[in-house]
Amino acid sequence: MHPPLRPWAARLAAGALAVSLLPLAPTTASATPVVAPSPTAVPAAAPEAVDGGRSVGDSLFPTTGNTGYDVRHYKIALAYAADGSISATTTIEAKAERRLASFSFDLEGLTVDRVRVDGRDATFRRAADKLVVTPARAAGGRFVVEVRYHGRPVTHIDPDGAQDGWIPSTTGATALSEPVGAQTWFPNNNTPRDKAAFDVALTVPKKLAAASNGVLRSRRTAHGQTTWTWRQRQPMATYLSLVAIGRFDVYRSTVKLQHGRRIPAWTFVEPGLGSAQAQRKLLPEVLAFSEKQYGRYPFDATGMVIQKLDVGYALETQTRPFFDGVPDDLTLVHEVAHQWFGDSVTPRDWGDIWLNEGFASYAEDNWAAEHGGPTTWQAFQKVYDENKASSDLWTPAPNALTEAKDLFSDPVYTRGGLALEALRHRIGDQEMKTLLRTWTKRYEGQTVRTSQFVALAEQVSDEDLGAFFRTWLEVAAKPPGY
Ligand code: TRP
Ligand code: ZN
């Protein structure tokens, strides 16, 4: 049930973690003198502008994310040249929480050519994977930032040694953005707590295809270049953004969902891997199974990207999961379950990652149980019995991570999944179904913390589950008594 090494978990050797703590940019008042209002002045002086902060205080990624604004929309127009370089413009529409004298985005590598805020040239500087922007006039309310940039994007190396971000392939490049790789190909607020809609236009040599998230709005060829324009209408965390440029066989179909809803499926398969017909046929079945378990599919498109990139993991890129080669059934089930758990309902903090991986792992066991495998309780007992108290499975506890290198570790995936089966065992099958469906519905499109899941579980079951969740999620020891 829980193979020791799942395909998406075939990992590179763990690298040493070196998180450099960027000093929190204090939101100091700007030096701009504010004219003291005379007693007779009728309109109140505009509130003093402040500098946005350069960290959101994530428990595992202290240097990513920025404060002072909330991104509503990213529009990315990116041209890819055959030599592997890009030139792009990212237009960010955001809402300022207060008037901002300056603010920042996450951006790693690349050369910035120009920044405009609300149509006026702004000054900018680069500082340790940040792009710091000082607009000509303080930004307030809704503001629009246009960043023009170019270069050869870098690949990001994760704390656990895995690659993400922009990854060159044999015929193009693929961008996988979990946890922080999004900053290698566009400037953004790189934290799961700031979700936004996306429009992505990819201009590529016409022999190549170009995938991203959501619905394909248009595909136009001119002067030997094709522009593929994608739209992700539902809010998306930056870590779920996807680009796959290269030679692909492209399959378009329509998938029927619950209540007669029809959505487009776009699947990109690297030539040489076959047609992935079985997986393309399985996808609608997995979507139907998931809708039955978790409720309405939260997006308006689906599909897959299947490509041997040798990153050693699959990824739940929103609407269109990525597979590092033709996936087996359980890997497909896992990534589809993430569309509810992670993509639609998104952890606010990386320390809450078990809300993604525990749930997607549990989905695999539920699928297996309905398709000739052991029951979820049998699966639980097997893993529980096979892992003695000294096993690495129990440490660290899933919701008590202190190091980013443990984000995709067995305790998060497998122990996280076990916690959910133990919860079902405790509160009952019907209550568990209600809990999962209520969770996905109540927090659809939003960001969440583990405490909200605990509160909902207590509400649905009408039980005090404090000790239960502490044992399963916070104590670095094998939960006793099963
Ligand atoms: N979130 C992915 C999944 O479980 C796995 C993943 C993403 C991963 N990035 C990784 C695993 C880096 C190991 C290393 O579907
Ligand atoms: Zn996963």
Side-chain angles (χ1 to χ4, degrees), residues 2-17 60-61 64 155-167 174-184 190 192 213 236-242 244 279 283 286 290 294 304-307 309-347 350-367 398 401 403-420:
H2 289 278
L5 208 60
R6 291 178 167 145
W8 35 255
R11 309 262 296 291
L12 306 175
L17 165 67
L60 298 177
F61 290 87
T64 54
T155 301
H156 185 89
I157 305 299
D158 294 336
D160 67 359
Q163 293 186 313
D164 78 321
W166 193 265
I167 302 170
T174 294
L176 302 175
S177 303
E178 190 185 27
V180 298
Q183 66 199 30
T184 67
N190 206 7
N213 312 85
M236 177 167 83
T238 53
Y239 83 87
L240 296 166
S241 59
L242 162 78
Q279 287 69 24
L283 177 61
V286 176
S290 307
Y294 321 126
M304 301 175 274
V305 173
I306 300 175
Q307 176 185 28
L309 199 60
D310 283 326
V311 286
Y313 59 84
L315 188 59
E316 63 267 28
T317 36
Q318 191 155 310
T319 68
R320 197 153 290 118
F322 168 87
F323 299 96
D324 197 11
V326 179
D328 60 23
D329 295 9
L330 289 182
T331 305
L332 180 57
V333 167
H334 180 107
E335 304 309 334
V336 169
H338 272 311
Q339 302 304 309
W340 284 260
F341 303 106
D343 295 15
S344 174
V345 181
T346 305
W350 284 109
D352 291 303
I353 187 72
W354 88 279
L355 292 172
N356 291 5
E357 302 305 348
F359 287 59
S361 300
Y362 191 48
E364 293 178 53
D365 291 354
N366 278 282
W367 170 274
L401 305 184
E403 293 186 73
K405 70 165 177 51
D406 293 328
L407 216 45
F408 305 111
S409 64
D410 222 23
V412 170
Y413 282 70
T414 305
R415 183 177 167 175
L418 293 181
L420 291 171

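Side chains included, hydrogens not; waters and symmetry mates left out as well; all remaining heavy atoms used. Order of listing sets the numbers, starting from 1, for every ligand and every atom in it.
Proximity of E178 to F408: side-chain heavy atoms (C-beta onward) are separated by under 4.5 Å at one or more points. V311 is listed as a side-chain neighbour of F322, based on a closest heavy-atom distance under 4.5 Å. Here the side chains of S361 and H334 are in contact, with some heavy-atom distance below 4.5 Å.
A donor-acceptor pair shorter than 3.5 Å cannot be found between the side chains of Q318 and H338. Checked by atom type, the side-chain pair T64/Q183 shows no donor-acceptor distance below 3.5 Å.
The contact set between ligand 1 and Y413, taken as ligand atoms under 4.0 Å from a residue heavy atom, comprises 1 (N), 2 (C), 3 (C), 4 (O), 5 (C). Atoms of ligand 1 found under 4.0 Å from any heavy atom of H338 (numbered from 1 in listed order, with element): 3 (C), 4 (O), 15 (O). For ligand 1 and E316, the ligand atoms under 4.0 Å from any heavy atom of the residue are 1 (N), 2 (C), 3 (C), 15 (O). Those atoms of ligand 1 that come under 4.0 Å of a heavy atom in H334, given as number and element, are 3 (C), 4 (O), 15 (O).
Looking only at its N/O/S atoms, E357 has OE1 as the one nearest to the Zn ion (ligand 2).
Neither the backbone nor the side chain of D164 comes within 4.0 Å of ligand 1, counting heavy atoms alone. With a 4.0 Å heavy-atom cut-off, ligand 1 is reached by the side chain of A162 but not by its N, CA, C or O.
Nearest heavy atoms, S290 versus V336: OG-CG1, 3.6 Å.
Of all the listed residues (Y239, Y313, F322), Y313 holds the heavy atom that lies closest to atom 6 (C) of ligand 1.
None of W340, Y362, F359 except one satisfies the ring pair (Phe, Tyr, Trp, His ring centres under 6.0 Å) rule with Y294; the exception is W340.
At a cut-off of 2.8 Å, E335 is not counted among the residues with an N, O or S atom near the Zn ion (ligand 2).
If you put the vertex on the Zn ion (ligand 2), NE2 of H338 and NE2 of H334 sit 100° apart, to the nearest 10°.
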